[in-house]
Amino acid sequence: MSKSNQRKSRIVDKTFKYIGLAFTVFALLVLAVLITDILIKGLTRINWSFFTNLPSRHAANSGILTALAGMLSLLFFTILIAIPIGILAGVYLQEYGTNNKFAKFIEINIANLAGVPSVIYGILGLTIFVRLFGLGNSLLAGAFTLALLILPIIIVATREAIRAVPGTLREASYGMGATKWQTTRRVVIPSALGGILTGIILSISRAVGETAPLLVIGALVYVPFIPEGPNDQFTTLPIQIFNWVSRPQAAFITNAAAGIIILLLITFILNGIAIYIRSKWYKNIKY
Amino acid sequence: MKGKIAVYLFILCFLSSCFKEYRGRINIDGSSSVYPITEAVAEEFRILNSDIRVTVGVSGTGGGFKKFSRGETDISNASRPIKDSEIEACKANNISFIEIPVAYDGLAVVVSPSNDFVDYLTVEELKKMWEPAAQRTINSWKQIRETFPDVPLRLYGAGTSSGTYDYFTEAIMGKAKSSRGDYTASEDDNVLVQGVSSDKGALGFFGLGYYAENKNKLKLVGIDAGKGIVFPTDSTVRTGFYAPLSRPEFIYVNSKSATNPVVQEFVKFYLENASYLVKEVGYVPLPDEVYLLSYQRFLNNKQGSLFANTSVVGADLVKLMTENQ
């Protein structure tokens, strides 16, 4: 009796393992098919002029210079806005406001914000930054909107990283006579920096692919110049791809595939940096 | 300390760069069907005038007019004439405009190549398929014409916010925005092409340019509006013989912007070069006379819409414009 039971459990155990394996392989296969398809369609289109040309009605002469420049400047301002706010909010919630109702209220709202669809941020950005603040469809308006979008990710990552700092470190610091601010600044944040940076980079790699909120705030499609300041109009790579995909000529679809490869590459690089920082940081720190 | 000063200097340089001198800026937004034409014109214009910044967005005809009526854009692309409600919105903000037709586009009605029973459809039959009353009741080709087999009918068309949808419903149903709701709608015409090509019972409509690029995947349906079966071609669309599904595309110029020499230069360039650029991006150019008449109207600062009282469907542009100089 018990022997057959044992055999049964062992079979269940094995089956579960193989089912799990099958699903993992399936997910990876889908990804592989997608990537191969894009590579086959777009790889031959990538050459130097693809990076240096302006948008054009001729698919073969059309390039991503302004879209890439627009995207990088947009990310620059987004980071500039989101990092201080995100880190400070995370530090406050984790180090100072753990026990008051106000902080709990904020915490719930941040969790909710993380789940809001990105278009909604676009509508918010349109009303507040574009119209109310009168920023128009400028880089700054786009950066503020994207900053709002990635704030919850940075805040949550900051909190997680700070939570991982052992309490004994703090107590040691207090024991030496340090104030709370000194402890936070010199002990807690430096030890948590690895986790915080990882969170920031992951949030950037999310912002890279966003199209919907930018379209809502009025980002343009045909922009034949590189933005020269925060008040300039802009376009980004995902918008360029979106436009190419909807064109009737097949050659534009090839362009879109090439654009997607570049976008994927940027995301991979960002994620790679995040993983590198994480592993390096945790190797160096010994509590 | 030194580092801080360097950072401030950097930011200062960065901010000051946005005061760089340009001879002018022209903001354009609106319809995605007119976008390729305006993009082509802007691209050619830039070669001659690199110190004028022309930007083009794609918010759709309606979205474009919303920005236009707030005074945020100089020129609005539109694939249908401006509506009364949009004219009201412009008036409320003290904005007047000059209407300029720039091209013709034929709406192609297509079926799958595996569909071997449809060669042509009358406007009446199209109406029977698409009218609001057809919702959930007209489901088979047999209901459209007795000789058709009992194959399920599946419809594909532009989304309800597009100018293309507005025009199609006005031309077929006689009333803009009136159609059945149970059809596959997409703003991306390539999705419609995919859908129609793989489905024997499918019927769809979109701009002629998308048919021209996908001839091997689609079968064109002739339209009979009482004067025999007509297929959309450059000449039938240009002469208006492909009725009622050939439509004009427009740009609307803010008349305050029209006093700006930079915008004047751009509009002049647009109308001088539209003829060959329109063809290049897959649309049908207007008769040369219309471009001349349009430029005259622009110089005369002739404001308002030609289609405030007349329907755009089947309109004779030459006649309308000569009468309204």
Side-chain angles (χ1 to χ4, degrees), chain A residues 53-59 61-63 66-67 70 73 76-77 80 122-123 126 130-131 134-141 211 214-236 239-253 256, chain B residues 11 13-20 22 25 27-29 32-33 35-47 50-60 63-64 66-67 70 72-73 186-193 206-214 217 277 280-283:
Chain A
N53 278 6
L54 297 174
S56 162
R57 67 183 183 284
H58 303 294
N61 298 334
S62 203
T66 54
S73 352
F76 174 74
F77 286 112
L80 219 59
I123 297 170
L126 178 70
V130 177
R131 301 245 157 96
L135 293 176
N137 52 359
S138 64
L139 268 178
L140 218 50
T211 327
L214 296 176
L215 281 179
V216 174
I217 66 156
L220 299 163
V221 176
Y222 178 78
V223 180
F225 53 83
I226 292 174
E228 285 159 351
N231 291 325
D232 263 352
Q233 295 162 312
F234 68 100
T235 186
T236 72
I239 295 178
Q240 180 81 274
I241 293 169
F242 177 71
N243 174 256
W244 276 336
V245 168
S246 68
R247 289 302 218 9
Q249 292 86 359
F252 278 111
I253 308 289
Chain B
I11 291 175
C13 289
F14 202 84
L15 288 174
S16 64
S17 64
C18 48
F19 302 114
K20 191 174 165 184
Y22 277 91
R25 291 164 188 252
N27 293 325
I28 309 177
D29 208 326
S32 57
S33 345
Y35 172 81
I37 306 171
T38 303
E39 182 201 42
V41 175
E43 189 187 345
E44 291 300 313
F45 186 69
R46 193 184 169 279
I47 296 172
S50 58
D51 52 351
I52 301 177
R53 285 185 162 191
V54 184
T55 55
V56 193
V58 187
S59 308
K66 247 179 219 149
K67 289 187 180 168
R70 288 167 169 269
E72 290 169 7
T73 52
S186 174
E187 302 296 344
D188 184 348
D189 292 326
N190 285 324
V191 173
L192 300 178
V193 170
F206 38 73
L208 199 49
Y210 287 86
Y211 167 72
E213 293 292 330
N214 297 285
K217 286 191 231 163
L277 288 174
E280 232 183 85
V281 295
Y283 291 88

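Letters A, B, ... mirror the listed sequences (proteins, then strands); counts begin at 1. Keep in mind that the numbers below use all heavy atoms, side chains included, and drop hydrogens, waters and symmetry copies.
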Open item on the list: Heavy-atom count check: over 12 atoms from other residues, nucleotides or ligands less than 6.0 Å from Phe242(A) CZ?
Closed with: no

TODO: Begin from the C-alpha positions of Arg46(B) and Leu54(A) and carry the test side chain to side chain contact (heavy atoms under 4.5 Å, CB included) through to its verdict.
DONE: CA-CA 11 Å; Arg46(B) 193 184 169 279; Leu54(A) 297 174; 3.4 Å; yes

Task: Heavy-atom pair count under 4.5 Å with chain A, highest-scoring of Val191(B), Val54(B), Asp189(B), Val193(B) - done: Val54(B)

- [ ] Using atom types as modelled and distance alone, determine if a side-chain donor or acceptor of Tyr283(B) lies under 3.5 Å from a backbone N or O of Ser33(B).
- [x] yes

Open item on the list: Out of Asn137(A), Thr235(A), Asn243(A), return the one with the most heavy atom pairs under 4.5 angstrom to chain B.
Closed with: Asn243(A)

Task: Under 3.5 Å donor-acceptor, Thr66(A) side chain and Val223(A) backbone - done: yes

Task: Interchain contact, Gln233(A) with chain B, by part (heavy-atom threshold 4.5 Å) - done: side chain

Open item on the list: Could you work out, with ring-ring contact (aromatic ring centres under 6.0 Å, His included) as the rule, every residue matching Phe225(A), not counting sequence neighbours?
Closed with: none

Task: Side chain / backbone / both / neither for Glu187(B) at chain A, heavy atoms under 4.5 Å - done: neither

Task: Ile253(A) portion near chain B, given a 4.5 angstrom heavy-atom threshold - done: side chain

Open item on the list: Less than 4.5 Å to any heavy atom of chain B: does that hold for the side chain of Leu215(A), its backbone, both, or neither?
Closed with: neither

TODO: Pick one of side chain, backbone, both or neither for Tyr211(B), based on which atoms fall under 4.5 Å of a heavy atom in chain A.
DONE: neither

TODO: Count the heavy atoms belonging to other residues, nucleotides or ligands that lie under 6.0 Å from NZ of Lys67(B), then report whether that count exceeds 12.
DONE: yes

Open item on the list: Please classify the contact of Asn190(B) with chain A as side chain, backbone, both or neither, using a heavy-atom distance under 4.5 Å.
Closed with: side chain

- [ ] Counting only heavy atoms closer than 4.5 Å, note whether Val216(A) contacts chain B via side chain, backbone, both or neither.
- [x] neither

TODO: With sequence neighbours excluded, tell me which residues meet side-chain hydrogen bond (donor to acceptor under 3.5 Å, both in side chains) with Thr73(B).
DONE: none

